[in-house]
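The structure appears right after this line, and notes come after that.
Numbers restart at 1 for each chain; the letters A, B, ... are given by sequence-line order, proteins then strands.
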Amino acid sequence: MTDLYLQDWRGWTPHRDAGNEARLDTRDKPAGAAIPSLLRRRLNLIGRAVCDMLLDLDPAADHVVLHASRHGDGDRTLEMLYALNAGDPLSPARFGLSVHNAIVGVYSIASGNRRSQQAVAASGGEWAALVAEARGYLADGESRVLMVFGDQPVPERFAEYAPATPSAAVVLQLGSERKPGARRLEESPADVDTPAPQPLDVIDWLMAGDQALACPMARRRWQLVGEP
Amino acid sequence: MTTAALENELKQTIIETLELEDVTPEDIDPDEPLFVEGLGLDSIDALELGLALQKRYGITLESDAESSRQHFANLKSLAALVESRREK
């Protein structure tokens, strides 16, 4: 099986301290500075953070991008449902941005990245799905891929149907070759009953560096091995 | 309503409807193109603006691309469209 190495990462969340970690942005409102203002206006906070992180890790914008979100943009979808219910016409911009690949779509327009992109929702198995997809691309000959995992709270109206979801997004650069500073991502079976990992859990795991991240749905766990 | 007042109202409508966060009414030149060049709006903005004209002024645009292109060329042509076709 193709080995996976974590080469670099970036994270955004206002819900924890960064300590001395320069790769984590904890501002309430990410800048979205990498995106021209006419495109940036269409992005929510997660989208602004993700675009900045992608272009920080891959300025040439030539890597495959895998994007996962459990809930996507529930706010825009709900606003459209309210409009339909009131008999109002749908907003084309809102419709265009409610789709699950909206953020990476705006990113690809702004950056000119025309490589493959995937948008995944896996009902709590997002992390495992991302790693499986990444392994596939790397086994197929890509030298590195970018893995995005981002979520925000679901609209209040749906809150009782979903676990509390703090706003957070993380982008990991994975490669199949061990490079200086890279750590191997070791995967093993695990029969656990922990909550489904969310983006903030992935950030906590990256910051700790020596713990396991488990996905109960996939019955797998992941640990970074080798010197940080 | 004078043409100048209508142009100002349309500038506000464009900024609010299209969420142009860094644009002020003074930035919109009535003679400059709204789309691609000039203000730099795109095709989704055109659809969104068409919807705003329908809601606010009761104007339904025909699906003829060439006439839409003329109506949406710049703020002046948009104001002329609203003046001649508004129902509210």
- Message: Just checking B/Glu19: does its CD atom have more than 12 heavy atoms from other residues, nucleotides or ligands closer to it than 6.0 angstrom?
- Response: no
- Do A/Arg48 and B/Glu21 sit within salt-bridge range, that is, some charged N less than 4.0 Å from a carboxylate O? yes
- Message: Please determine whether the number of non-hydrogen atoms from other residues, nucleotides or ligands lying under 6.0 Å from atom CD of B/Glu62 exceeds 12.
- Response: yes
- Message: Looking at every non-hydrogen atom in both residues, tell me the closest pair between A/Ala93 and B/Glu48 and how far apart they are.
- Response: N-OE1, 2.7 Å
- Segment of B/Leu18 engaging chain A (4.5 angstrom heavy-atom cut-off): both
- A/Ser37 to B/Asp22 - nearest heavy-atom pair and separation: CB-OD2, 3.1 Å
- Is atom CZ of A/Arg157 surrounded by more than 12 heavy atoms (other residues, nucleotides or ligands) closer than 6.0 Å? no
- Note on the structure: Of all heavy-atom pairs linking B/Ile44 and A/Pro92, the shortest is CG2-C, 4.1 Å
- Task: Take atom CZ of B/Arg69 as the centre, draw a 6.0 Å sphere, and report whether it contains more than 12 heavy atoms from other residues, nucleotides or ligands.
- Result: no
- Close side-chain approach of A/Arg42 and B/Asp42, heavy atoms under 4.5 Å: yes
- Within a radius of less than 6.0 Å around CZ of A/Phe95, do more than 12 heavy atoms belonging to other residues, nucleotides or ligands occur? no
- For atom NZ of B/Lys88, decide whether the heavy atoms of other residues, nucleotides or ligands shown that lie under 6.0 angstrom number more than 12. yes
- Working to the nearest 0.5 Å, report the span between CZ of A/Arg41 and CG of B/Asp45. 4.0 Å
- Turns out that what part of B/Leu20 lies under 4.5 Å from chain A's heavy atoms comes down to both
- Message: Are more than 12 heavy atoms, taken from residues, nucleotides or ligands other than A/Asp17, located less than 6.0 Å from that residue's CG atom?
- Response: no
- Query: For the residue pair B/Leu39 and A/Leu38, what are the closest heavy atoms and their distance?
  - Reply: O-CD1, 3.4 Å
